[in-house]
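Let me begin by presenting the structure, written as structure tokens, before commenting on it.
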Amino acid sequence: MTWYRAVHPFDTAGRLARFALGTVADVTDALIRGLTAAVVDRMDLDELVSRVDVNRVADRVDVNRIADRVEVDVVARRVDVDRIAARLNLDAVLARVDLVVLTKGVLEEIDLGRIVRDTGGGMADETVHGLRARSMRADQRVNRLADRLLRRPDPAGAGTGAATAAAPADGDGPPHEQAR
């Protein structure tokens, strides 16, 4: 600091004013804090809160903004599902459900008729195929029996004895023999 600045009246006055304002601000802050604490200590907060119109305050609350800030996973972890289920009256819930309408809707949605046709058709095809194969084997046996009784020669030319005796009687032979 120079000699001029130290003795110049305006510069000195400015420094004193800044110092005084800073000190006054500190004292004022301390005084306000002390007075506020004393006033709050003497107040009946229950009576003060009873004067507040809660509905008016609630009308000003932005619920969507609050909901956006809620972490659903954190809330869900705190929910005791077993406790909720224990309190649930299932008879009352089921009494409110129209089971006939629900069943009809489910049956229409899954198209039970088509499923029965598809699965039944597949089973019918297998049954018809099996019956045809057994019918063919039965025809072959009747033809062999008739050939034996009428003493006709074996059409395969292998003789009547060995080829006929070697054929399985119940149709459990290899597939290429069953189809003949």
Side-chain angles (χ1 to χ4, degrees), residues 28-148 156 163-180:
T28 305
D29 286 345
L31 183 64
I32 289 173
R33 269 190 243 115
L35 288 174
T36 304
V39 169
V40 170
D41 287 343
R42 289 188 171 194
M43 289 179 86
D44 182 11
L45 292 179
D46 290 332
E47 195 234 318
L48 179 66
V49 169
S50 69
R51 292 182 180 186
V52 174
D53 184 5
V54 177
N55 291 325
R56 187 171 165 200
V57 172
D59 288 341
R60 294 173 56 192
V61 172
D62 185 3
V63 177
N64 291 327
R65 186 172 176 205
I66 294 171
D68 289 341
R69 296 178 70 189
V70 172
E71 292 186 35
V72 177
D73 292 335
V74 173
V75 173
R77 277 190 292 245
R78 296 183 69 188
V79 173
D80 186 3
V81 177
D82 293 331
R83 187 172 171 200
I84 294 170
R87 295 178 62 197
L88 189 62
N89 183 356
L90 289 178
D91 293 331
V93 172
L94 290 176
R96 296 174 71 187
V97 175
D98 189 357
L99 292 177
V100 173
V101 172
L102 180 65
T103 304
K104 283 181 181 178
V106 169
L107 291 176
E108 287 173 3
E109 191 68 31
I110 65 171
D111 194 9
L112 185 61
R114 182 189 54 79
I115 293 172
V116 169
R117 281 191 305 273
D118 291 350
T119 57
M123 290 170 44
D125 286 346
E126 291 174 15
T127 303
V128 168
H129 180 69
L131 287 174
R132 285 182 181 156
R134 286 183 178 243
S135 172
M136 288 176 11
R137 286 191 300 272
D139 277 347
Q140 288 174 351
R141 287 190 186 112
V142 168
N143 285 338
R144 286 182 197 149
L145 180 64
D147 287 345
R148 281 188 200 165
T164 307
D170 60 348
D172 288 337
H176 66 279
E177 286 183 15
Q178 290 180 9
R180 277 198 264 172

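- Note: Arg87 CZ to Arg83 CZ = 6.5 Å, rounded to the nearest 0.5 Å.
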Verify side chain to side chain contact (heavy atoms under 4.5 Å, CB included) between Arg141 and Leu145, making sure each step is shown before the conclusion. CA-CA 6 Å; Arg141 287 190 186 112; Leu145 180 64; over 6 Å; no
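- The structure places CZ of Arg132 at 10.0 Å from CE of Met136, a figure rounded to the nearest 0.5 Å.
- Of all heavy-atom pairs between Val101 and Asp98, the closest is CG2-OD2, 2.9 Å.
- With values rounded to the nearest 0.5 angstrom, Lys104 atom NZ is found 12.0 Å from Leu102 atom CG.
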Derivation of the side chain to side chain contact (heavy atoms under 4.5 Å, CB included) call for Arg77 and Val74: CA-CA 5 Å; Arg77 277 190 292 245; Val74 173; 3.3 Å; yes
